[in-house]
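Just below is one structure, and these are the notes that go with it.
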Amino acid sequence: MKKLLVANRSEIAIRVMRAATELGFRTVAIYSHEDRYSLHRFKADESYQVGGPDAPVKNYLNIPEIIRIAQDVGAELIHPGYGVLSEYADFAQACADAGSTFGGPTPERLRGFGDKTAARKIAEKA
């Protein structure tokens, strides 16, 4: 793997990109129209706007658009940062379905952790 897309913004995106750069990855940032002057955009090797104006939160959760950008630019690895996408099994599954590596637990694990009974069984088994 040579290229990592960070599906997050601001400080967490910068931290992930810094670590990725140290590991020899090229980095890709996504940004909403409202974040077009944000630092994380300029710290990445490449950056691409996701979505249109007037929907900054919705744009960062636009899974099909994030996957499309990753495919268009050849990012093999997608890191969700922290927050909603890092816990969303459907995002991890969308990455896998697109042939990208999700920088986090498998979709199956995320589904299990989202259910308290299943999570307890996983913990007991471990």
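Hydrogens, waters and symmetry mates are skipped; everything else that's a heavy atom, side chains included, is used.
Formation of a donor-acceptor pair under 3.5 Å by the Q49 side chain with backbone atoms of G51 is found in this model. At distances below 3.5 Å, at least one donor-acceptor pair connects side-chain atoms of R36 with backbone N or O atoms of H33. S38 places no side-chain N or O within 3.5 Å of a backbone atom of R41 that could act as its donor or acceptor partner. Side chain of E76 to main chain of K2: a donor-acceptor pair is present (N/O by atom type, distance under 3.5 Å, no hydrogens or angles).
V57 and I69 fall within a single hydrophobic cluster, where Ile, Leu, Val, Met, Phe, Trp and Tyr are joined by side-chain heavy atoms under 4.5 Å apart, directly or via other members. The cluster map of Ile, Leu, Val, Met, Phe, Trp and Tyr, joined by side-chain heavy atoms under 4.5 Å apart, puts Y31 and I12 in different clusters. Clustering ILVMFWY residues whenever any of their side-chain heavy atoms sit less than 4.5 angstrom apart, transitively, puts I30 in the very cluster that holds I78. In the hydrophobic clustering of this structure, V6 does not group with V73; members are Ile, Leu, Val, Met, Phe, Trp, Tyr whose side-chain heavy atoms approach within less than 4.5 Å, directly or through other members.
In this structure, E124 does not pair ionically with K121, as no charged nitrogen and carboxylate oxygen lie closer than 4.0 Å. Residues R15 and E11 are paired through a salt bridge, judged by an N-O separation under 4.0 Å between the basic side chain and the carboxylate.
Separation of atoms CG (L4) and CG (L77) is listed at 4.5 Å; rounding is to 0.5 Å. Expressed to the nearest 0.5 Å, how far OG1 of T27 lies from CZ of R18 amounts to 12.0 Å. Taking OG1 of T21 as the reference point, atom CD1 of I14 lies at 11.5 Å (rounded to 0.5 Å). Of the inter-residue distances, the one linking I67 atom CD1 with N62 atom CG reads 10.0 Å to the nearest 0.5 angstrom. To the nearest 0.5 angstrom, I63 atom CD1 is 6.0 Å from L85 atom CG. Expressed to the nearest 0.5 Å, how far CE of M17 lies from NE2 of H79 amounts to 11.5 Å.
In this structure, the side chains of I66 and L5 come closer than 4.5 Å at one or more pairs of heavy atoms. The closest side-chain heavy-atom distance from L61 to V84 is below 4.5 Å. Using a 4.5 Å heavy-atom cutoff, the side chains of R68 and E65 are in contact. Between V28 and K3 the shortest side-chain heavy-atom distance falls below 4.5 Å. The shortest side-chain heavy-atom distance between K58 and V50 does not fall under the 4.5 Å cut-off.
The two residues P56 and E34 have their closest heavy-atom pair at CB-OE1, 3.6 Å. Of all non-hydrogen atoms in S86 and G81, the two that sit nearest each other are CB-O, 3.4 Å. Residues G52 and N59 approach most closely at O-ND2, 2.8 Å, considering heavy atoms. The shortest heavy-atom contact between A89 and P107 is CB-O, 3.7 Å. Smallest separation of non-hydrogen atoms from R26 and D45: CA-OD2, 3.2 Å.
Other residues, nucleotides and ligands place more than 12 heavy atoms under 6.0 Å from the CZ atom of F42.
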- Working for side-chain hydrogen bond (donor to acceptor under 3.5 Å, both in side chains), residues Y60 and D35: CA-CA 11 Å; Y60 286 106; D35 283 339; 2.5 Å; yes

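Ring geometry for F91 versus F102: interplanar angle over 60°, hence perpendicular rather than tilted (30 to 60°).
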